[in-house]
Amino acid sequence: MAFIFMKEISEILKAYSEAKSAGKKTALATVVKVEGSSYRQPGARMLVTEDGELTGAISGGCLEGDALRKALLSIHQKQNKLITYNTNNEEDIEIGLQLGCNGIVHILFEYIDEEASKNPIQLLQQLEVERKQAVIVTVFSLKRNAVQSGTIFFYRQESQILSHNDEALNLILDVHEVLKTKTSIVKKLQTESESEALIEYINPPISLVIAGAGNDVQPLVKIASILGWKITVGDGRATHAIEKRFPKADKVNVLKPEEFLENITIDNQTYFVLMTHNYKYDLAVLKLLLKTDCQYIGILGPKTKLNRMLDDLQNEGITVSEEQLERIYSPVGLDIGAETSEEIALSIVSEIKAFSTGKPGTSLKYKAGKIHDEIHYER
């Protein structure tokens, strides 16, 4: 699977914009390679300003202190730097961390030159231009005193290729493969500097579309917003579908059920949840959704509600196929014993998150092997 941190990237871009407006210099820290175990995986990023403000994370908090000093050095020298943290060595005097993670983490620090064309931040900004999958390439070297190329390449299918380094164009076949498999890789390059490239697949954020604007939708919107999801709320009641009730939602609309899908773009990151508590409204929206290729339709309520819906559709001459039925999740949510609206919201968000990453949603206690999917390293 890909390592996707769009919320983190969005927060970094916002922090950079604020820093630039305030005249502050910045550096971008990126986890480019991990050997063994690590709290964060390749692609995790953190922006550091010259006055020490941190946005994002490259570990669980244990590396950030030393990383701040390295980032400030990068800003002062206006140079990219590669720093290796060996968390296997608990007696490492320089780091002095005693993490117990049993891994080696390689972090690239890039000075952000605001005058440079297609600097790392400008390339990352392209992720927010269109809601499409993309690939970012970051080139680095573990060789001592080697030149660190850094974030050099952005690619989105059917869009302009952005690069400030011809070296990246030699990786175009690998970039296409990453886009096809939706899996990030680290590839060794045939260069004198023994460079490697983190070729990172990035999906747009999850788009959660909720039919319903009742009180139980409020915690669902709050939790989803914490994860950086794009949220649309629609309901037929003008008294309920108002922005002040859902300040964290991106859109709040008063809609008739037949209008529900208007202005909604459905892609492989779009998820629907029907929870209006109005049976006829939910049924009408379900009929519309069955005609689309959306991959997840969550319906709040007991199994008997879904069975009634299927019967009513059958009576209208609409037969729900097995393929369509597999896309319906009812009752919606993981079985965590949820009772309150907040717990139900957590259950729904958890199921969508598990579905989006192809995970079963079971306890990590019973998972064989490592917590995180390992990134593929190509030689």
Side-chain angles (χ1 to χ4, degrees), residues 1-14 39-40 44 55-57 60-61 128 131 202-235 237 240-253 260 264-277 282 285 289 294-302 327-364 371-372:
M1 294 297 295
F3 300 104
I4 307 167
F5 311 112
M6 266 306 300
K7 178 177 186 288
E8 188 168 73
I9 290 173
S10 295
E11 291 175 344
I12 284 172
L13 295 177
K14 180 181 178 182
Y39 188 84
R40 298 299 306 272
T55 303
E128 297 191 326
R131 185 180 166 77
I202 302 180
N203 237 352
I206 284 176
S207 172
L208 177 62
V209 185
I210 306 168
N215 292 345
D216 55 349
V217 175
Q218 292 175 313
L220 177 57
V221 169
K222 289 179 182 177
I223 295 175
S225 70
I226 291 173
L227 298 179
W229 296 1
K230 301 300 180 183
I231 307 162
T232 300
V233 175
D235 195 296
R237 297 169 291 180
H240 287 63
I242 50 180
E243 292 183 2
K244 70 176 182 180
R245 282 174 48 81
F246 303 97
K248 297 296 183 180
D250 296 276
K251 296 179 182 178
V252 181
N253 302 313
F260 192 80
I264 297 292
T265 299
I266 299 176
D267 55 30
N268 67 346
Q269 286 285 90
T270 306
Y271 297 79
F272 290 86
V273 178
L274 311 186
M275 48 191 303
T276 64
H277 299 281
D282 284 353
V285 174
L289 290 175
C294 69
Q295 59 185 344
Y296 180 100
I297 306 169
I299 303 176
L300 185 69
R327 294 189 280 126
I328 299 175
Y329 288 75
S330 179
V332 65
L334 293 185
D335 184 6
I336 59 173
E339 294 289 344
T340 67
S341 58
E342 291 81 7
E343 292 170 347
I344 292 170
L346 177 62
S347 168
I348 294 171
V349 168
S350 297
E351 181 175 72
I352 292 174
K353 174 59 181 174
F355 181 92
S356 71
T357 54
K359 300 299 182 181
T362 53
S363 175
L364 285 172
I371 296 174
H372 301 288

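- The backbone N or O of Pro205 sits less than 3.5 Å from a side-chain atom of Arg131, completing a donor-acceptor pair.
- Side-chain contact between Ile352 and Trp229 is present, with at least one heavy-atom pair separated by less than 4.5 Å.
- A donor-acceptor pair under 3.5 Å links the side-chain atoms of Gln218 to the main chain of Arg245, judged by distance alone.
- Between Tyr271 and Phe355, the ring-plane angle classifies as perpendicular under the 30° and 60° cut-offs.
- For the atom pair CD1 (Ile9) and CG (Leu13), the distance works out to 7.0 Å, reported to the nearest 0.5 Å.
- Residues Val349 and Leu220 meet the side-chain proximity criterion, which asks for heavy atoms closer than 4.5 Å.
- Going from atom CG of Asn203 over to atom CG of Asn268 covers 5.5 Å, rounded to the nearest 0.5 Å.
- Heavy atoms only, all atoms of each residue included: Val332 and Gly298 are closest at CG2-CA, 3.7 Å.
- The structure places CG of Asp335 at 12.0 Å from OG of Ser350, a figure rounded to the nearest 0.5 Å.
- Between the CD1 atom of Ile231 and the NZ atom of Lys251 there is a distance of 13.0 Å, given to the nearest 0.5 Å.
- In this structure, Lys7 contributes its side chain and Ile226 its backbone to a donor-acceptor pair below 3.5 Å.
- For the pair Val221 and Ala249, the tightest heavy-atom approach, listed with the atom from each and the gap, is CG1-N, 3.8 Å.
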Worked verdict on Thr265 versus Thr270 for side chain to side chain contact (heavy atoms under 4.5 Å, CB included): CA-CA 8 Å; Thr265 299; Thr270 306; over 6 Å; no
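- Arg327 places a side-chain N or O within donor-acceptor distance of the main-chain N or O of Cys294, the cut-off being under 3.5 Å.
- Closest heavy-atom contact between Thr55 and Ile12: O-CG1, 3.7 Å.
- Remark: the backbone N or O of Met6 is paired with a side-chain donor or acceptor of Ser10 at under 3.5 angstrom.
- Taking CG of Asn215 as the reference point, atom NE2 of His277 lies at 9.0 Å (rounded to 0.5 Å).
- For the pair Ile223 and Ala345, the tightest heavy-atom approach, listed with the atom from each and the gap, is CD1-CB, 3.9 Å.
- Residues Ser356 and Lys353 come closest through the heavy atom pair OG-O, 2.8 Å.
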Ile344/Asp216 under side chain to side chain contact (heavy atoms under 4.5 Å, CB included): CA gap, chis, key distance, verdict: CA-CA 8 Å; Ile344 292 170; Asp216 55 349; over 6 Å; no
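- Listed here is the closest heavy atom pair of Gly301 and Pro331: O-CB, 3.2 Å.
- Within the 4.5 Å cutoff, side-chain heavy atoms of Asn253 are placed close to those of Thr232.
- Interatomic distance, Tyr329 OH to Leu334 CG, rounded to the nearest 0.5 Å: 10.5 Å.
- Between the side chain of Glu243 and the main chain of Val252, no donor-acceptor pair closer than 3.5 Å is present.
- Within the 4.5 Å cutoff, the side chain of Leu289 has no heavy atoms near those of the Phe260 side chain.
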